[in-house]
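Here the structure is a predicted model, which means the values were calculated and not measured. Every heavy atom of this structure was used, including side-chain atoms; hydrogens, water molecules and symmetry mates were not.
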Amino acid sequence: MKIIQSERPEIEAANLIEDKLQAYINQPILLLLSGGSWLSVYEEIRAIDLDDRVTIGMLDERFSEDVTVNNFAQFMQTHIYEEALKRGVRFIDTRLQAAETLNDLAKRFTESLQAWRTQNSDGIIIATLGLGTDGHTAGIFSTLDTTSFPENTWAVGYEVDKSVNEYAQRVTVTPYFLTHEVEQAICYVVGENKCEVLGQIISEDKQTKKYPAQIWQEMKEVAVVTNCKM
């Protein structure tokens with residue numbers, strides 16, 4: 001895990017995404033994005049390396065028709081979405097369809113991920129991840145029993161208590177997907193209220209499972225961009 005401290009982490013994170021797109025210029029790329037604080041970073045990305053070899057989707061999704069809540073709908077409001085659309089980028093659209101249930105969305109998302117991998121056996125999956133003050137990452141909360149997931153599951157739909165998070169119904173990729181399918185990950189952590197948690201994630205023994213974001217330690221290649229003083 002590489003830690004990158006910066007006074008302008010949003011620029012550093014945007015540059016890293018651009019570097020990844022350039023590094024794999026001759027391969028198909030699936031770029032899976034987090035919402036939340038990452039949305040401001042996407043405004044800083046230049047579109048010069050976006051074309052039809054790139055597919056963009058969300059890493060996790062809030063089960064809501066509200067365009068101010070649904071992650072993909074919020075991403076559609078960024079300039080990079082407009083640029084990507086013009087350049088022929090493909091999308092995994094996780095906005096709700098008519099009469100779609102939480103399980104329906106989880107199934108559709110899983111099938112989209114697996115179809116991309118089937119069609120792009122030589123492709124690279126790049127993910128952006130954030131960190132919650134409770135130590136969650138993607139849509140994986142500490143209250144979520146990931147041990148109950150069937151082996152090799154790529155994505156699940158679930159509901160948590162609203163005391164855990166106000167967006168209680170979600171679809172998320174699984175720890176298995178993060179460790180087995182994601183080749184490159186960029187984690188973005190800003191805000192003093194997250195620094196202590198980040199410090200524990202970096203320093204805790206891998207055998208001590210306290211925060212879901214400790215999965216970063218098990219992933220293939222991870223860069224953490226932060227304004228925290230570590």
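For the pairing with D93, the side chain to side chain donor-acceptor pair (under 3.5 Å) check across R90, Q97, R95 returns one residue only, R95. Each of L178, V173, T174 was scored for a side-chain contact (heavy atoms from CB on, under 4.5 Å) with Y176, with one residue passing: T174.
The heavy-atom pair separating A99 from D104 by the smallest distance is O-OD2, 4.0 Å. Closest approach of R170 and L102 over heavy atoms only: O-CD1, 3.5 Å. When all heavy atoms of E12 and I4 are compared, the pair lying nearest together is CG-CG2, 3.7 Å. Contact record, P9 with V190: CG-CG1, 3.5 Å, taken as the closest heavy-atom pair. The nearest pair of heavy atoms linking L59 to A127 is CD1-CB, 3.9 Å. The shortest heavy-atom contact between M58 and T94 is CG-OG1, 3.8 Å.
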Step by step, would you call L30 with L113 a side-chain contact (heavy atoms from CB on, under 4.5 Å)?
CA-CA 9 Å; L30 176 57; L113 295 174; 4.0 Å; yes
Go through the steps to decide whether M1 and I3 satisfy the test side-chain contact (heavy atoms from CB on, under 4.5 Å), and finish with yes or no.
CA-CA 7 Å; M1 186 186 302; I3 311 299; 4.0 Å; yes
Could you walk me through whether V171 and V156 pass side-chain contact (heavy atoms from CB on, under 4.5 Å), step by step?
CA-CA 6 Å; V171 169; V156 294; over 6 Å; no
Step-by-step side-chain contact (heavy atoms from CB on, under 4.5 Å) determination, K210 to Q200:
CA-CA 9 Å; K210 184 176 181 180; Q200 293 185 53; 3.1 Å; yes
Walk me through it: do N70 and E61 pass the test side-chain hydrogen bond (donor to acceptor under 3.5 Å, both in side chains)?
CA-CA 7 Å; N70 181 271; E61 188 55 88; 3.3 Å; yes
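Two residues are said to be in side-chain contact when any heavy atoms from C-beta on lie closer than 4.5 Å; E221 and K20 meet this criterion. T143 places none of its side-chain heavy atoms less than 4.5 Å from the side chain of D161. For the pair N15 and I11, the minimum side-chain heavy-atom distance is below 4.5 Å. I29 has its side chain within reach of I126: a pair of non-hydrogen atoms, C-beta onward, lies under 4.5 Å apart. Considering only heavy atoms from C-beta on, I25 comes within 4.5 Å of D49 through its side chain. Side-chain contact between Y158 and D145 is absent, with no heavy atoms from C-beta onward closer than 4.5 Å. Counting heavy atoms from C-beta outward, D122 and P28 have side chains that approach closer than 4.5 Å. Counting heavy atoms from C-beta outward, V222 and C187 have side chains that approach closer than 4.5 Å.
Within a 6.0 Å sphere centred on NZ of K220, other residues, nucleotides and ligands contribute more than 12 heavy atoms. Within a 6.0 Å radius of CD in E159, more than 12 heavy atoms belonging to other residues, nucleotides or ligands are found. R87 CZ: more than 12 foreign heavy atoms inside a 6.0 Å radius. Within 6.0 Å of CD on E43 lie more than 12 heavy atoms contributed by other residues, nucleotides or ligands.
Between F91 and F75, the ring planes lie tilted relative to each other; the angle falls in the 30° to 60° range.
To the nearest 0.5 angstrom, H136 atom NE2 is 10.5 Å from L129 atom CG. To the nearest 0.5 Å, the span separating OG on S64 from CD on Q74 amounts to 9.5 Å. Rounding to the nearest 0.5 angstrom, the gap separating the CG atom in D51 from the NZ atom in K86 is 16.0 Å. Atom CD of E10 is separated from atom CD1 of I45 by 12.0 Å, given to the nearest 0.5 angstrom. For the atom pair CG of L31 and CD of Q184, the computed distance is 11.5 Å after rounding to the nearest 0.5 Å. A distance of 4.5 Å separates CH2 in W216 from CG in L131, rounded to the nearest 0.5 Å.
Under the 3.5 Å distance criterion, the side-chain polar atoms of T128 are matched with a main-chain donor or acceptor of S34. A donor-acceptor contact shorter than 3.5 Å links the side chain of T226 to the backbone of V189. Remark: the backbone N or O of C228 is paired with a side-chain donor or acceptor of Q5 at under 3.5 angstrom. Q217 contributes a side-chain N or O that, together with a main-chain N or O of I201, makes up a donor-acceptor pair within less than 3.5 Å. Checked by atom type and distance alone, the side chain of R117 pairs as donor or acceptor with a backbone atom of N120 at under 3.5 Å. In terms of modelled atom types and a separation under 3.5 Å, the side chain of T137 and the main chain of A213 share no donor-acceptor contact. For Q214 (side chain) and Y211 (main-chain N/O), a donor-acceptor pair under 3.5 Å exists by modelled atom type. Side chain of N71 to main chain of D60: a donor-acceptor pair is present (N/O by atom type, distance under 3.5 Å, no hydrogens or angles). In this structure, the side chain of T153 does not engage the main chain of F149 through any donor-acceptor pair within 3.5 Å.
Cluster annotation: L105 is not connected to F141 through the hydrophobic network of ILVMFWY side chains, with a link wherever side-chain heavy atoms come within less than 4.5 Å. Under the 4.5 Å side-chain heavy-atom criterion for ILVMFWY residues, a single connected hydrophobic cluster contains both V89 and V41. L50 and Y24 fall within a single hydrophobic cluster, where Ile, Leu, Val, Met, Phe, Trp and Tyr side chains are chained together by heavy-atom contacts under 4.5 Å. Cluster membership check: W38 does not share its hydrophobic cluster with M219, using side-chain heavy-atom separations under 4.5 Å among Ile, Leu, Val, Met, Phe, Trp and Tyr. Linking Ile, Leu, Val, Met, Phe, Trp and Tyr whenever their side-chain heavy atoms come within less than 4.5 Å leaves Y167 and V160 in two separate clusters.
Electrostatic pairing of K229 and E7 counts as a salt bridge here, judged by a charged N lying under 4.0 Å from a carboxylate O.
Side-chain N/O atoms of T68 and D66 include a donor and acceptor closer than 3.5 Å.
Aromatic pair Y81/Y42: ring centres not closer than 6.0 Å.
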